[in-house]
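Note sheet for the following structure.
Just so we're on the same page: letters track the sequence lines, and every chain starts at 1. Computed from heavy atoms alone, side chains included, the values below leave out hydrogens, waters and symmetry copies. Because the structure is a prediction, the values reported are computed rather than measured.
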Protein chains: 2
Amino acid sequence: MIEFDEDRTVWEQVYELLRSRIEGGQYKERGPIPSTPRLVQELGVAQNTIRKAINRLKADGLIRAINGKGTYVAPREAWFRNKGE
Amino acid sequence: MIEFDEDRTVWEQVYELLRSRIEGGQYKERGPIPSTPRLVQELGVAQNTIRKAINRLKADGLIRAINGKGTYVAPREAWFRNKGE
DNA sequence: TAAGATTTGTTCGTATGTATA
DNA sequence: ATATACATACGAACAAATCTT
């Protein structure tokens with residue numbers, strides 16, 4: 001179980017964790033990332049919180065979700081480089 | 001984006017807006033009203049504020065909410081006629 | 001064809017914390 | 001102190017798409 005900092009929002013820390021796993025290659029290009037229920041189980045946070053992080057990653061172009069199938073790391077060419085946060 | 005009067009509570013103005021839309025027939029009998037997230041987007045106020053207005057409409061018998069599905073205008077026979085405010 | 005499981009997506013419901021007036 | 005309003009986080013249920021059996 002992962003521990004989260006209390007003075008920062010959980011969904012943002014989840015976002016950064018997943019982002020680092022993608023950029024670090026733990027989740028491979030064009031490969032799947034764990035399903036929402038799996039992430040709920042692993043990270044110990046609510047579905048909605050996972051989804052908020054996921055939505056941000058989608059907005060970043062880092063992942064692509066296919067309804068009923070799964071969520072996949074986008075090819076690097078598709079990633080946006082967001083500087084300002 | 002709708003503008004709200006500053007010297008009256010927002011939730012009450014949201015309540016009156018939705019009530020007028022229901023009574024005016026914009027939201028039809030037994031038909032759905034927009035979801036909470038949609039109303040948040042349209043009216044530019046927080047979820048909790050929308051919910052407070054929604055709860056009042058439920059207490060009035062004007063609408064009925066179904067968890068995970070949506071919120072619907074009740075048949076007119078079910079409406080309460082609240083005189084006192 | 002049909003039924004079930006999995007996964008994404010959406011919705012309502014509840015609670016807590018913070019800031020403000 | 002109380003009420004308002006916003007943001008966050010959790011829980012529960014429903015729906016559609018996909019895949020398997």
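- Between Arg64(A) atom CZ and dT8(C) atom P the separation is 16 Å, expressed in whole Å.
- The nearest whole Å value for the distance from the CD atom in Gln47(B) to the P atom in dC12(C) is 9 Å.
- Dashed line: the shortest gap from a side-chain N or O of Arg51(A) to OP1 or OP2 of dG9(C) is under 4.0 Å.
- Residues Trp11(A) and Asn48(A) have side chains not in contact (no heavy-atom distance under 4.5 Å, counting atoms from C-beta outward).
- Distance, Ile63(B) CD1 to dG13(C) P: 8 Å, rounded to whole Å.
- A 4.5 Å side-chain heavy-atom check between Leu57(B) and Thr71(B) finds every atom pair outside the cut-off.
- One atom, NZ of Lys69(A), and another, P of dT6(C), lie 18 Å apart when rounded to the nearest Å.
- Across all strands shown, Ile54(B) has no heavy atoms under 4.0 Å from either base or sugar-phosphate atoms.
- Taking side-chain N and O atoms only, Lys58(B) has no distance below 4.0 Å to OP1 or OP2 of dC12(C).
- Nucleotide dT10(C) holds its C1' atom 15 Å from the CD1 atom of Ile33(B), rounded to whole Å.
- The shortest side-chain heavy-atom distance between Ile63(A) and Leu18(A) does not fall under the 4.5 Å cut-off.
- Take the nearest nucleotide of DNA chain D for Gly68(B) and for Val10(B): the residue whose nucleotide is more 5' is Val10(B).
- When DNA chain D is scanned 5' to 3' for any atom under 4.0 Å from a heavy atom of chain A, the first and last hits are dT8(D) to dC19(D).
- With respect to Glu23(A) and Arg19(A), a salt bridge is recorded, a charged nitrogen being found less than 4.0 Å from a carboxylate O.
- Considering only heavy atoms from C-beta on, Gln13(A) stays 4.5 Å or farther from Leu17(A) through its side chain.
- Between Asn67(A) and Ile66(B), the residue anchored nearer the 5' end of DNA chain D, judged by the nucleotide with its closest heavy atom, is Ile66(B).
- When all heavy atoms are compared, the tightest approach of Ala53(A) to Tyr15(A) is CB-N, 3.6 Å.
- When rounded to the nearest whole Å, the span between CG of Leu39(B) and P of dT10(C) equals 16 Å.
- Atom P of nucleotide dT10(C) and atom CD1 of Ile50(A) are separated by 17 Å, given to the nearest angstrom.
- Distance Asp7(A) CG to dT16(C) P: 21 Å, rounded to the nearest Å.
- Side-chain N/O atoms of Thr36(A) include none lying less than 4.0 angstrom from OP1 or OP2 on dT7(C).
- Pro75(B) and Glu29(B) make their closest contact through CA-OE2, 3.4 Å (heavy atoms, listed as atom of the first residue, atom of the second, distance).
- Across dC12(C), dA15(C), dT8(C), the shortest atom-to-atom separation from the side chain of Thr71(A) is found for dT8(C).
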